[in-house]
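Only one structure is covered here, and it is reproduced in the block below.
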Amino acid sequence: DAKTTQPNSMESNEEEPVHLPCNHSTISGTDYIHWYRQLPSQGPEYVIHGLTSNVNNRMASLAIAEDRKSSTLILHRATLRDAAVYYCILTVYNNNDMRFGAGTRLTVKP
Amino acid sequence: DSGVTQTPKHLITATGQRVTLRCSPRSGDLSVYWYQQSLDQGLQFLIQYYNGEERAKGNILERFSAQQFPDLHSELNLSSLELGDSALYFCASSAGQYNEQFFGPGTRLTVL
């Protein structure tokens, strides 16, 4: 299984952009990149996913490197509600079997 | 609220016992997934069902079993419980086999 590497923790100030990196150097051509987050005392929540092109939705943007060996989740204006553990996960095409790593714990300071 | 419901919210039991956790997926979702989250192991995928059939298996112990019923709800059965089985158990559902997953609030299992 292709693995992902994320920093253990990051800090951000409220209302500033946050860039959460993820390395996936062994990604294969059919692997999708997913991001989920887990707020305190809740189940994980879908954030965004992509294959090759950059993606935007109401929650965040996903920037994927040209060689696909890394990606960055961008929160455009962090709020206190965005404090959570963010998981970067690869899934093989035709398989929704998600293997969560340790994720990045994001702290947002007022 | 994701639309996925799990019961019970909390469960306290003793070693050696058997428990059943229940999950109702979002309306219309055909896939159900089970995950275990413990402090030392993180979030681990256990098993996936799609429209009543097992689709993928992860780190599920032989003491654990699951099934998805015709009305699409799912149950996770945990038997011969050990202290190390204490964890949060999450259920998730998705529309198809490969879609975005919606997670329930979890069942916290404590084995004493």
Side-chain angles (χ1 to χ4, degrees), chain A residues 1-9 20 22 28-52 55-62 71 73 81 84-106, chain B residues 1-7 9-10 21 23-26 29-51 53-60 66 68 76 87-108:
Chain A
D1 291 345
K3 293 202 186 304
T4 63
T5 305
Q6 299 177 254
N8 288 335
S9 62
L20 297 163
C22 180
S28 71
T30 53
D31 287 347
Y32 281 80
I33 302 159
H34 296 253
W35 284 82
Y36 280 73
R37 71 180 185 181
Q38 188 172 18
L39 278 65
S41 303
Q42 293 187 30
E45 173 187 37
Y46 168 82
V47 178
I48 201 166
H49 80 280
L51 183 62
T52 55
V55 186
N56 300 297
N57 66 21
R58 63 174 179 81
M59 286 182 72
S61 296
L62 176 60
S71 60
L73 179 70
R81 278 206 69 250
V85 178
Y86 286 78
Y87 298 98
C88 170
I89 305 151
L90 301 183
T91 63
V92 178
Y93 173 74
N94 233 20
N95 184 336
N96 213 16
D97 172 356
M98 295 202 301
R99 308 294 170 122
F100 286 77
T104 296
R105 182 173 298 278
L106 176 66
Chain B
D1 183 356
S2 67
V4 178
T5 59
Q6 291 186 247
T7 56
K9 279 189 178 176
H10 302 277
L21 312 184
C23 169
S24 292
R26 290 189 322 153
D29 282 0
L30 298 178
S31 270
V32 168
Y33 312 77
W34 286 97
Y35 293 84
Q36 178 194 57
Q37 186 170 37
S38 58
L39 281 174
D40 56 345
Q41 296 279 354
L43 200 61
Q44 303 249 342
F45 167 72
L46 296 178
I47 198 163
Q48 176 197 0
Y49 280 83
Y50 174 75
N51 205 19
E53 296 199 3
E54 184 184 301
R55 269 294 181 261
K57 222 169 186 177
N59 301 319
I60 188 164
Q68 186 179 26
L76 179 67
L88 262 172
Y89 290 83
F90 288 105
C91 167
S93 74
S94 67
Q97 294 187 67
Y98 317 115
N99 305 91
E100 164 191 353
Q101 294 183 26
F102 294 85
F103 283 76
T107 292
R108 181 172 293 281

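First the proteins, then the strands, lettered A, B, ... as listed; each starts at 1.
The environment of CZ in A:Arg105 is sparse: at most 12 heavy-atom neighbours from other residues, nucleotides or ligands sit within 6.0 Å. Atom CZ of B:Arg108 has 12 or fewer heavy atoms from other residues, nucleotides or ligands within 6.0 Å.
Taking all atoms of both residues into account, the shortest heavy-atom contact from B:Gln101 to A:Tyr36 is N-OH, 2.8 Å. When every heavy atom of A:Arg99 is checked against every heavy atom of B:Lys57, the shortest pair comes out as NH2-O, 3.9 Å.
Residues that satisfy the ring-ring contact (aromatic ring centres under 6.0 Å, His included) test with A:His49, not counting sequence neighbours, are A:His34, A:Tyr46. Legend: residues meeting ring-ring contact (aromatic ring centres under 6.0 Å, His included) with A:Phe100, ordered by chain and number and at least two apart, are A:Tyr87, B:Tyr35.
Between atom CG of residue B:Leu88 and atom CD of residue A:Gln42 there is a gap of 12.0 Å, rounded to the nearest 0.5 Å.
Heavy atoms of B:Gln6 lying under 4.5 Å from chain A are absent altogether. The part of B:Ser94 that comes within reach of chain A is its side chain, from C-beta onward, which places non-hydrogen atoms under 4.5 angstrom from that chain.
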